[in-house]
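First listed ligand is number 1; within each ligand, the first listed atom is number 1. Both backbone and side-chain heavy atoms feed into the values below; hydrogens, waters and symmetry mates do not. Throughout, residue positions are numbered sequentially from 1 according to the sequence presented. Just so it is clear, the structure is predicted and the values come from calculations on it, not from any experiment.
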Amino acid sequence: HWGYGKEDGPSIWHKNFPVAQGSRQSPIDIVPLQASHDSSLGPIVLNYDHCTSLNIYNNGHSVVVEFDDTDDRSVIQGGPLDNPYRLKQFHFHWGGKGCHGSEHTVAGNSYASELHLVHWDAIKYRSFGEAATASDGLAVLGIFLETGDDHRWLHTITDALYMVKYKASVTDFKGFNPKCLLPSSLHYWTYPGSLTTPPLHESVIWIVLKEPITVSEKQLGKFRMLLFSGEEEDQRIRMENNFRPPQPLKGRKVRSSN
Ligand SMILES: NS(=O)(=O)c1ccc(NC(=O)NCCO)cc1
Ligand SMILES: [Zn+2]
């Protein structure tokens, strides 16, 4: 199976997932000065007030908070999107102690971590699975995390991580609204890309916020106590550096909201 190690990491994924060498792969290095400002790009609008988080689980690659996406209770719309897209889950990517772990980079600089809020177009497609294989089926909102002061709301998540230490462990996680994880500005870059993990489907409209949120090294350290490995496995492999490096732009245009 795929992972982030020497033998099963991003440089090997193309063997089982040839689209890894496709024309619209993610993440990318975003070069602000080369992004084209597009005045037709309106603001993104997040309607998360009636969102219903269900559980938090360790899928062996990241820690994921899942939402009830059986109706349009929490959606993202506006910006480059033609329809409202339903929130399905969010998860993180991070580095090892002291080194960086974001997936997207900005003018070659990486952040300590990156949060992905994954949405799908439930107007046009009947399921997440169907949307995930369509060229415009998914919209992922990327938020950079930099280290500094404690984040006042992230502890709700980090306090639950000990419950999902091992791969495939899951626990209830109700009443969490990810709106508390947004920075003050919703200015963004947007470009057509892919899932950043296998199956690497080229089905994502990426919306990457320019402003990072600040979390403490202590809070980020709690993500690193998670394990890639399952409870029954004898090897205990710390979950860290679960990020794919930037991929070739291949002529794609990155647009800037403003
Ligand atoms: N890192 S990412 O591009 O945001 C991403 C989001 C969803 C997936 N896959 C997913 O949601 N599969 C649904 C069932 O596992 C993979 C990568
Ligand atoms: Zn991700």
I'd like to verify the contacts: list protein N, O or S atoms under a distance of 2.8 Å from the Zn ion (ligand 2).
His91 NE2, His93 NE2, His116 ND1
Side-chain touch Cys99/Asn241, heavy atoms, less than 4.5 angstrom:
yes
Under 4.0 Å between a side-chain nitrogen and a carboxylate oxygen: does that hold for Arg224 and Glu217?
yes
Indicate the ring-plane relationship of Phe173 and Phe176, choosing parallel, tilted or perpendicular according to the 30° and 60° boundaries.
tilted
Identify whether Ile44 and Phe90 are in the same connected component of the hydrophobic contact network (ILVMFWY, side-chain heavy atoms under 4.5 Å).
yes
Is it true that the side chains of Asp72 and Tyr85 contain a donor and an acceptor less than 3.5 Å apart?
no
May I have a table of the N/O to N/O pairs between ligand 1 and the protein that fall below 3.5 Å, each row giving the two atom names and the distance to 0.1 Å?
{"unit_1": "ligand 1", "atom_1": "1 (N)", "unit_2": "His91", "atom_2": "NE2", "d": "3.3"}
{"unit_1": "ligand 1", "atom_1": "1 (N)", "unit_2": "His93", "atom_2": "NE2", "d": "3.3"}
{"unit_1": "ligand 1", "atom_1": "1 (N)", "unit_2": "His116", "atom_2": "ND1", "d": "3.4"}
{"unit_1": "ligand 1", "atom_1": "1 (N)", "unit_2": "Thr196", "atom_2": "OG1", "d": "2.8"}
{"unit_1": "ligand 1", "atom_1": "3 (O)", "unit_2": "Thr196", "atom_2": "N", "d": "2.9"}
{"unit_1": "ligand 1", "atom_1": "4 (O)", "unit_2": "His91", "atom_2": "NE2", "d": "3.4"}
{"unit_1": "ligand 1", "atom_1": "4 (O)", "unit_2": "His116", "atom_2": "ND1", "d": "3.4"}
{"unit_1": "ligand 1", "atom_1": "11 (O)", "unit_2": "Gln89", "atom_2": "NE2", "d": "3.4"}

Using the six-membered ring wherever Trp is involved, compare the ring planes of Trp94 and Phe223 and label them parallel, tilted or perpendicular (cut-offs 30° and 60°).
tilted
Evaluate the ring planes of His1 and His61, with Trp represented by its six-membered ring, and classify them as parallel (under 30°), tilted (30 to 60°) or perpendicular (over 60°).
tilted
Contact check, side chains of Val106 and Pro32, non-hydrogen atoms, under 4.5 Å:
yes
What class does the angle between the rings of Tyr191 and Trp206 fall in, given that below 30° is parallel, 30 to 60° is tilted and above 60° is perpendicular?
parallel
